[in-house]
Asker: 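Let me begin by handing over the structure; questions about it come next.
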There are 2 protein chains.
Amino acid sequence: MSQMTYTRIMATDRDTVLEAAVGVLSRRPTAHLDEIARAAGISRATLHRLFPGREALIREVGLLGLHRFAAALDTAAVEDGDAEAALRRLVDAAVPDAALCAFLAGENQLYDDDGVNDLWEVQIARLHALFLRGQQQGVIRIELSAAWLSEAFFDLVAGIGWAIQDGRLAPRDAAFSLAELFLGGALRRADAPTPPPTAPSARTPETDTP
Amino acid sequence: MSQMTYTRIMATDRDTVLEAAVGVLSRRPTAHLDEIARAAGISRATLHRLFPGREALIREVGLLGLHRFAAALDTAAVEDGDAEAALRRLVDAAVPDAALCAFLAGENQLYDDDGVNDLWEVQIARLHALFLRGQQQGVIRIELSAAWLSEAFFDLVAGIGWAIQDGRLAPRDAAFSLAELFLGGALRRADAPTPPPTAPSARTPETDTP
DNA sequence: GTCATCTGAGACATGGATGTCTCAAAATGG
DNA sequence: CCATTTTGAGACATCCATGTCTCAGATGAC
C-alpha cells in the first residue's frame with residue numbers, strides 16, 4: 001500500500017538527482033561519482049541506492065534528455081502545420097532543456113544501449129521529417145540537406161546549453177539567438193524565386209553579389 | 001650529429017600519432033591508450049615513448065588543434081578586408097581540420113594548462129573581432145552578439161567534423177553546408193534597411209510576419 | 001655482416017575510482 | 001513517543017587503466 005508512495009518519492013528524488021548530474025556531466029563527462037553526489041546534495045551511498053552504478057546513471061541521464069527532447073517535439077507539434085512556425089515553436093520548447101541536449105550531443109555515440117539509441121533515432125527522424133516537410137512546402141532551403149539541418153540544429157541547441165552553463169550567454173537571449181541564427185540560414189529567402197525543381201544542384205552560386 | 005635526424009623523424013611520427021589520436025578521441029574522449037595506439041598503428045609502449053602519459057597526449061592533441069585553427073585564421077587573413085569574404089575564406093580553411101575542432105569543442109574546458117587556455121582565448125578573440133568588424137561594416141547582423149556568433153561558428157565547425165567522421169555528411173559538401181547555413185543566419189539581409197544605430201535592442205521583433 | 005637503435009609484446013606494480021558493506025544518526029509515519 | 005525507514009560517513013575489497021620494466025625481434029646505418 002505504501003509502496004506507491006515510496007515509488008513516487010523515489011521518482012522525484014531520482015529526477016532531482018538526474019538534473020544535478022546533468023549540470024556536472026554536460027561539462028565534465030568524466031566527473032567522479034563523489035562530485036555528482038555532492039552536486040545533488042546526497043551521499044555517494046544514496047546515489048548508489050538510487051542508481052546501481054555509474055553506467056546506469058549515465059544511461060538514465062541520456063534517457064531523461066531524450067524524453068525531454070521528445071516532449072519538446074510534442075509540445076511544438078512539429079508534425080503539424082507550417083514548418084517555419086513549427087520550428088519556431090520547437091526552439092522555444094527545446095531551449096529550456098538545452099543543457100540536456102548538450103550532454104546528449106557529447107555522449108550520443110557512447111551508448112551501447114539499444115533503448116537509448118532507438119529513442120535517439122526516433123527523435124532525429126522527427127527532426128529530419130520536419131525539415132523535409134519544410135523543404136516540400138517551399139519554406140526551407142533545399143540546397144542544404146535535411147540531414148545536415150537536423151544535425152546542425154541539434155549542435156546549436158547543445159551550444160546554447162554549453163554557453164548558458166558557462167555564463168557566456170544570457171538565458172533570456174537563448175531562444176532569440178538560436179532562432180535568428182538558425183532560421184536565418186535555414187529558411188528560404190523571401191526575395192529568392194523558386195529554384196528550378198529539377199536537378200537541385202548542391203552548388204547554387206547564390207553567394208555572388210557583384 | 002644524428003640528433004637532428006632523429007628529432008625530425010620523431011616529429012613526423014608524433015604528428016602521425018596525433019592525427020590518429022584525434023580520430024579516436026574526438027568521438028570517444030575516454031578511449032583507452034590501447035585503442036589510440038592501435039589506431040595509430042603502434043604499440044602502447046611506443047606511444048608511451050612518444051608521449052610521457054595520457055595527460056601529455058591529450059595536451060598535445062589540443063595544442064595541435066589550436067595551432068591548426070590558428071593557421072586557418074592566418075590563411076584566411078581574417079583581420080583583413082571585407083568581413084564576409086574573410087568569413088568565407090575561414091570556412092574553407094577551417095573545414096579540413098573540422099575533426100580537430102570537434103575534439104576541441106568537446107574538451108576545451110577540460111584543460112588546466114595555461115598554455116592551452118591562453119592559445120584558445122587568443123583564437124576566440126580573433127573570431128570575436130572578426131564578427132565585431134563585420135557588424136561595424138554593416139555586413140553582419142547586430143541583433144546577434146559577436147560572442148554568440150563566435151561560439152556558434154565553432155560549434156558548427158565541430159558539428160561538421162562529427163558528421164563527416166560518422167559518415168553522415170560528405171566531405172565535399174562540408175564547406176558549402178557550413179557556409180550557407182551559418183552565413184545565411186549571420187549576414188545582414190540585403191533587403192533589410194539599416195536599423196537605427198542607437199540603442200540596438202537585442203529583441204528586434206523581426207520575426208513577426210503577419 | 002655487424003652494430004646500434006627502435007619497436008612490439010608481455011609481465012608486473014600502482015593508483016584511483018567504483019562497488020559493497022556496516023552502523024549510528026536522522027527523518028518519517030503512526 | 002515509538003517503530004520503521006532512510007540517510008550519511010566511513011571502512012574495506014575489487015577492478016581496470018595507467019605507468020614502468022624487460023627482452024627478443026625488427027629495422028636501419030655503416
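In the text below, chain A, chain B and the rest are named by the order of the sequence lines, each starting its count at 1.
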Asker: Separation of R54(A) atom CZ from dC16(D) atom P, in whole Å?
Answerer: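 Atom-to-atom, R54(A) to dC16(D), this comes out as 15 Å.
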Asker: Base of dG10(C), side chain of R44(B) - is there a donor-acceptor contact under 3.5 Å?
Answerer: no
Asker: Separation of L33(B) atom CG from dG10(C) atom P, in whole Å?
Answerer: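 My rounded result for the distance is 17 Å.
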Asker: Would you call R49(A) and D13(A) a salt bridge, using N to O less than 4.0 angstrom?
Answerer: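 A salt bridge is absent here (no side-chain N lies under 4.0 Å from a carboxylate O).
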Asker: Under a 3.5 Å distance rule, please check whether D97(B) uses its side chain to pair with a backbone N or O of A72(B) as donor and acceptor.
Answerer: no
Asker: Could you state the atom-to-atom distance from CG of D13(A) to P of dT5(D) in whole Å?
Answerer: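 The distance from CG of D13(A) to P of dT5(D) comes to 17 Å, rounded to the nearest Å.
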Asker: Nearest-Å distance, CG (D34(B)) to C1' (dG8(C))?
Answerer: 13 Å
Asker: Run the salt-bridge test on E79(B) and R133(B) with the 4.0 Å N-O cut-off and return the result as yes or no.
Answerer: no
Asker: Does any non-hydrogen side-chain atom of Y111(A) lie less than 4.5 Å from one of I58(A)?
Answerer: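 Yes, at least one pair of side-chain atoms sits under 4.5 Å.
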Asker: Taking the side chain of T46(A) as heavy atoms from C-beta outward, which of dT7(D), dT7(C), dT20(C) is closest to it?
Answerer: dT7(D)
Asker: What is the separation between atom CZ on R38(B) and atom P on dG8(C), rounded to the nearest whole Å?
Answerer: 14 Å
Asker: May I have the distance from H32(A) (atom NE2) to dC15(D) (atom P), rounded to whole angstrom?
Answerer: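 Result: 20 Å.
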Asker: Separation of L57(A) atom CG from dA17(C) atom C1', in whole Å?
Answerer: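 From L57(A) CG to dA17(C) C1': 14 Å.
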Asker: What is the distance from CD1 of I42(B) to C1' of dT27(D), rounded to the nearest Å?
Answerer: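 Checked: the CD1 to C1' distance equals 16 Å.
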Asker: Nearest to the side chain of R49(A), heavy atoms from C-beta on, is which of dT18(D), dG8(C), dT7(D)?
Answerer: dT7(D)
